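Structure record follows, encoded as structure tokens.
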Number of protein chains: 2
Amino acid sequence: MRPPYGVGMASSIPPLRPAIDRTAPEFSPVRERLWRQVLGECLRGIRHERGEKLSETASRAGVSPQYLSEIERGLKEPSSEMIAAVAGALDVTLVDLTLAVAESLRPAQHSVSRGATCSAATAYALAA
Amino acid sequence: MRPPYGVGMASSIPPLRPAIDRTAPEFSPVRERLWRQVLGECLRGIRHERGEKLSETASRAGVSPQYLSEIERGLKEPSSEMIAAVAGALDVTLVDLTLAVAESLRPAQHSVSRGATCSAATAYALAA
DNA sequence: CTGTCGGCTTCGCGTAGAGCAGAACCAGTC
DNA sequence: GACTGGTTCTGCTCTACGCGAAGCCGACAG
């Protein structure tokens, strides 16, 4: 990533578009989780439940494995077309995926162990 | 937007990142609706139910009115931070917003009249 | 021990598009 | 006519999308 505008000068000039903070929020309970992060968790959860490899899903979705890895870790903001493509590659509908994201966003989930923050069971059951 | 690379030459050089097709799908029932479009409808639906003006919501969310207009019409892909900001400005949680999007994505909604494609009632009731 | 493989991640890059400001346009109301 | 609310257009800056190349790590074989 390029240095933000004004690096090397006094930091009195804000960037025109704020740089996206990619700090993983799961280590900061005060920070609310962002949509892309939860989406990524759900996608990875569904993929694991399907026993799929990252490279397989990526190939079927028509994206690079590197990129899918980044999407899954909430590092990138995929376009709606990309979301649809990955969902299709995982044989899950956009409805069920969105529901899984919503379920995973629920505050009650925050007290669940960190390793299972995406409730993919709903998406899985509906898609099966 | 800048002309794609290679404009003025033979169109044998594909763009490095495929240009996003912004054709409105509501005029093409064969085309599945994209996440950003449904999101936008939901945001506008919620805003209308709150009796809010676009400029008010935009100001509170910290975005320009032009941009919020584009988001609501599914023309732009807002970042997760932007989504959170607009949701906050509308006093709706990300959970409820996501649920509203999911509800609106359900196939059963497709036979509803075009003017009320976003089921914001869920989001409204939960946020009230 | 070394070498290979599989699965995933990191790095760096070109350019698409996010997000905005200013101006103009459109429709409705008084 | 003026005003309001929203949309469209134009052009701009520069962030970050999406990917190729390379790297990391664990497991396994010889």
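In what follows, chains are A, B, ... by sequence order, proteins preceding strands, each numbered from 1. Being a predicted model, the structure only gives us computed values, none of them experimental.
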d(OH, A:Tyr67; P, C:dC8) in whole Å: 18 Å
Value in whole Å for how far the C1' atom of C:dG7 lies from CD of A:Glu52: 14 Å
Short N-O contact, A:Glu81 and B:Arg36, less than 4.0 angstrom: yes
B:Leu54, nearest nucleotide to its side chain (from C:dT9, D:dT7, C:dC11): D:dT7
Side-chain donor/acceptor of B:Arg44 to backbone N/O of B:Glu72, under 3.5 Å: no
Nearest-angstrom distance from the residue atom CG of B:Leu75 to P of C:dG17: 13 Å
Over all atoms of both residues, closest heavy-atom pair of A:Ile71 and A:Pro78: CD1-CB, 3.9 Å
Qualifying residue for side-chain contact (heavy atoms from CB on, under 4.5 Å) with B:Arg106, from A:Thr98, A:Leu99, A:Leu94: A:Leu99
Matching residue for B:Leu97 among B:Val86, B:Leu90, B:Leu39 - test: side-chain contact (heavy atoms from CB on, under 4.5 Å): B:Leu39
Side-chain (B:Arg50) to main-chain (B:Ile46) donor-acceptor, under 3.5 angstrom: no
d(CD, B:Glu81; C1', D:dA16) in whole Å: 12 Å
Distance (rounded to the nearest 0.5 Å) between B:Leu105 CG and B:Glu41 CD: 9.0 Å
Expected output: side-chain B:Ser59 to main-chain B:Ser55 donor-acceptor under 3.5 Å: no
Side-chain donor or acceptor of A:Arg33 paired with backbone N/O of A:Ser104 under 3.5 Å: yes
Separation of atom CZ in A:Arg36 from atom P in D:dG18, rounded to whole Å: 13 Å
Sugar-phosphate only, base, or nothing, as touched by A:Pro78 at under 4.0 Å among non-hydrogen atoms: sugar-phosphate
Atom pair distance, as rounded to whole Å: CG in A:Leu39 and P in D:dC17: 13 Å
Per A:Ser64 side chain, nearest of listed nucleotides D:dC19, D:dC17, C:dT9: D:dC19
Watson-Crick or G-U stems of DNA chain C, 3 or more pairs, under 3.5 Å, by first number: C:1-30 with D:1-30
Spatial distance of atom CD (A:Glu103) from atom CG (A:Asp96) [nearest 0.5 Å]: 11.5 Å
Protein-nucleotide distance (A:Leu68, atom CG; D:dC17, atom P), rounded to Å: 14 Å
OP1 or OP2 of D:dG5 under 4.0 Å from side-chain N/O of B:Arg44: no
Phosphate-side-chain proximity, A:Ser79 and D:dG18, N/O vs OP1/OP2 below 4.0 Å: yes
Heavy-atom donor-acceptor pair, B:Lys53 side-chain to D:dG6 base, under 3.5 Å: no
Atom-pair distance (NE2 on A:His48; P on C:dG7), nearest Å: 12 Å
Closest nucleotide among D:dC17, C:dC20, C:dC8 to the A:Ser69 side chain: C:dC8
Give me, pair by pair, the N or O atoms of the protein and of nucleotides 23-30 of chain C that are less than 3.5 Å apart, along with how far apart they are.
none

